[in-house]
Student: 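Take a look at the following structure, please.
What's counted below: heavy atoms across the whole structure, side chains too, no hydrogens, waters or symmetry copies.
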Amino acid sequence: MKEELDSILKEAQEVKNNIKSLQDLENFRIKFLGKKGLLKNILDKIVNLPLEERKELGNYFNFVKEEVEKIYKELREKLEVGRFIKFDLHHPGRKISKGHLHIITQSINKIINIFSKIGFDVELGREIVTEYENFDSLNIPPNHPARDMWSTLWIKSQKEKLLLRTHTSAHQVEILKKKNPPLKVIIPGKVYRHEATDARHEMQFHQLEGLAVGEGCNIQELKGIFSIFFEEYFGKKLEVIFRSSYFPFTEPSVEVDIECVLCKGRGCEVCKNSGYLEVAGAGMIHTFVLKEAGIDTNKYYGYAFGLGVERIIMLKYNIPDIRLFHSSDLRFIKQF
Ligand SMILES: [Zn+2]
């Protein structure tokens, strides 16, 4: 009878691997552990044995029964986990991150919005321009020393000399010709310089050109435009000062400074303790440029300015390095 018990255990261990469903498992239970199963069958025989043999075989029977039950339990646990794929409806799902506009695009949109409110239209120009558009039309003839102010990326071309615009001023004459005064226009766009990069300089950056021509345009109005713009952009009233400067296409020319947004004029590392930050170049449009566009210089005056877009974004958000904008570092981009 011991051999019979051994063969039952052996069989249970062998069929274990063939059990793939709960129905298979139920068949297993009926066959080995059921009321008319193999083990019950043997137990009935053991009960009728003489006491000594009954004791000995009884212990062995219990051992085999426990082993078979263990197999049954293991199989049931395995099959039930497979049947009920456990969904935890309260577990937080994986966050799907949505893309958004780059901080430069967001800021240009904001800048355009502010200038639109004070009457400026938006114009766009090509990034590849002619030597005439970038220089000659702006009172910068060949061999003029001022050409050194813009480190130019030239493009190999057959007929006229082409280049990647070094400033958005390259569109001044083209737009003045296209639109009749009075006019107020801004021209945002990428510009290029052949320069080594560092925390303050990039080979490619954004400028915003402003251009206004009318009978009453004057430098006072220009200053007013800056006051309104910077107050709107930085969200607080800031002192604007003009410092005398030189550009071939404006006369007089000024550098535009604002009260340091970080130290409120008290002096800090960013403003080099001056309390002021340089944010734009500007001036009254030179008569050479107006004449080049066919505008009557006895009747009309104009002012122009060029804003460094990255520069004012860096000041607003206290960004220490211009190269971060195009670094593809998501930790930087996701902040905005
Ligand atoms: Zn400061």
Side-chain angles (χ1 to χ4, degrees), residues 96-129 164-172 174-176 178-179 183-193 200-213 221-238 240 256-262 270 277-282 303-336:
I96 298 167
S97 56
K98 274 190 279 181
H100 68 271
L101 294 177
H102 190 274
I103 181 60
I104 292 179
T105 312
Q106 287 180 44
S107 302
I108 290 175
N109 291 344
K110 184 177 175 172
I111 294 167
I112 289 174
N113 192 16
I114 298 170
F115 278 109
S116 298
K117 279 196 265 181
I118 43 179
F120 283 81
D121 295 329
V122 183
E123 290 279 339
L124 297 170
R126 289 161 289 114
E127 287 172 33
I128 295 174
V129 295
L164 287 169
R165 65 182 174 197
T166 62
H167 50 185
T168 41
S169 308
H171 307 293
Q172 283 193 6
E174 171 195 347
I175 284 166
L176 291 175
K178 195 169 86 179
K179 294 176 93 100
L183 63 91
K184 272 187 181 151
V185 172
I186 47 166
I187 315 151
K190 286 193 197 91
V191 297
Y192 301 85
R193 304 277 172 90
R200 297 278 295 275
H201 299 89
E202 265 280 29
M203 285 187 70
Q204 174 205 291
F205 56 98
H206 295 77
Q207 266 190 349
L208 185 113
E209 189 79 6
L211 206 55
V213 176
E221 184 180 310
L222 173 62
K223 202 171 179 184
I225 296 281
F226 277 122
S227 288
I228 295 167
F229 171 73
F230 288 118
E231 184 178 351
E232 279 274 313
Y233 182 75
F234 288 106
K236 54 187 164 191
K237 189 132 196 85
L238 295 166
V240 177
V256 184
D257 290 358
I258 54 168
E259 191 186 326
C260 178
V261 289
L262 300 169
V270 175
L277 298 161
E278 191 187 315
V279 284
Y303 54 80
F305 56 86
L307 265 179
V309 173
E310 279 85 347
R311 172 103 175 111
I312 61 170
I313 302 173
M314 287 167 78
L315 292 173
K316 186 175 167 108
Y317 299 102
N318 204 357
I319 298 166
D321 193 321
I322 192 171
R323 293 167 293 192
L324 284 167
F325 287 114
H326 296 296
S327 64
S328 316
D329 187 337
L330 289 177
R331 290 170 308 173
F332 172 77
I333 291 168
K334 280 179 175 170
Q335 289 177 75
F336 306 103

Student: Is any side-chain heavy atom of Q204 closer than 4.5 Å to a side-chain heavy atom of E127?
Tutor: no
Student: Is there a side-chain contact between F229 and I111 (heavy atoms, below 4.5 Å)?
Tutor: yes
Student: Quick check for you: to the nearest 0.5 Å, what is the distance between D329 atom CG and K334 atom NZ?
Tutor: 10.0 Å
Student: Determine which pairs satisfy salt bridge (charged side-chain N to carboxylate O under 4.0 Å, His left out) with at least one residue from residues 202-213, sequence neighbours left out, and list them in order.
Tutor: none
Student: Distance check, rounded to the nearest 0.5 Å: L183 atom CG versus D121 atom CG?
Tutor: 8.5 Å
Student: Out of curiosity, L262 CG to L277 CG, how far, rounded to the nearest 0.5 Å?
Tutor: 6.5 Å
Student: Looking only at non-hydrogen atoms, find the nearest pair between Y233 and K316 and report the distance.
Tutor: O-NZ, 2.7 Å
Student: What heavy-atom pair brings A282 and V256 nearest, and what distance separates the two atoms?
Tutor: CB-CG2, 4.0 Å
Student: Does E123 use its side chain to pair, donor to acceptor, with the backbone of I187 at less than 3.5 Å?
Tutor: no
Student: Do F230 and I312 come close enough that some side-chain heavy atom pair is under 4.5 Å?
Tutor: yes
Student: Could you check whether any side-chain N or O of Q207 sits under 3.5 Å from a backbone N or O of T168, counting only pairs where one atom can act as donor and the other as acceptor?
Tutor: yes
Student: If you compare all heavy atoms of A280 against all heavy atoms of L307, which two are closest, and at what distance to 0.1 Å?
Tutor: CB-CD2, 3.9 Å
Student: Start with the C-alpha distance between I108 and I112, add both sets of side-chain angles, then the distance that settles side-chain contact (heavy atoms from CB on, under 4.5 Å), and finish with yes or no.
Tutor: CA-CA 6 Å; I108 290 175; I112 289 174; 3.8 Å; yes
Student: I need the minimum non-hydrogen distance between L208 and P188, along with the two atoms involved.
Tutor: CD1-CB, 3.6 Å
Student: Check whether any side-chain heavy atom of I319 sits under 4.5 Å from a side-chain heavy atom of F325, and report yes or no.
Tutor: yes
Student: Would a 4.5 Å heavy-atom cut-off, applied to side chains only, mark F234 and I258 as touching?
Tutor: yes
Student: Working to the nearest 0.5 Å, report the span between CG of L315 and CZ of R311.
Tutor: 5.0 Å
Student: With sequence neighbours left out, write down each residue that passes salt bridge (Lys or Arg N to Asp or Glu O under 4.0 Å) with K237, or none if nothing qualifies.
Tutor: E231
Student: How many angstroms lie between CD1 in I225 and CZ in F305, if you round to the nearest 0.5 Å?
Tutor: 7.0 Å
Student: Starting from the C-alpha separation in whole Å, work towards a yes-or-no answer on side-chain contact (heavy atoms from CB on, under 4.5 Å) for L164 and I128.
Tutor: CA-CA 5 Å; L164 287 169; I128 295 174; 4.0 Å; yes
Student: Indicate yes or no: at least one non-hydrogen side-chain atom of L101 is less than 4.5 angstrom from one of N109.
Tutor: yes
Student: Taking the side chain as C-beta and beyond, is there a heavy-atom pair between V261 and V270 under 4.5 Å?
Tutor: no
Student: Looking only at atom types and distance, does a side-chain atom of R193 sit under 3.5 Å from a main-chain N or O of H201, one as donor and one as acceptor?
Tutor: no
Student: Pick one: which of R200, H206, H326 meets side-chain hydrogen bond (donor to acceptor under 3.5 Å, both in side chains) with E310?
Tutor: H206
Student: Rounded to the nearest 0.5 Å, how far apart are CD1 of I118 and CG of N113?
Tutor: 11.0 Å
Student: Can you label the angle between the F332 ring and the F336 ring as parallel, tilted or perpendicular, going by 30° and 60°?
Tutor: perpendicular
Student: Write down the atom of Q172, the atom of A304, and the distance for their closest heavy-atom approach.
Tutor: NE2-CB, 3.5 Å
Student: Flag the pair H171 / V129 as yes when at least one side-chain heavy-atom distance between them is below 4.5 Å, and no otherwise.
Tutor: yes
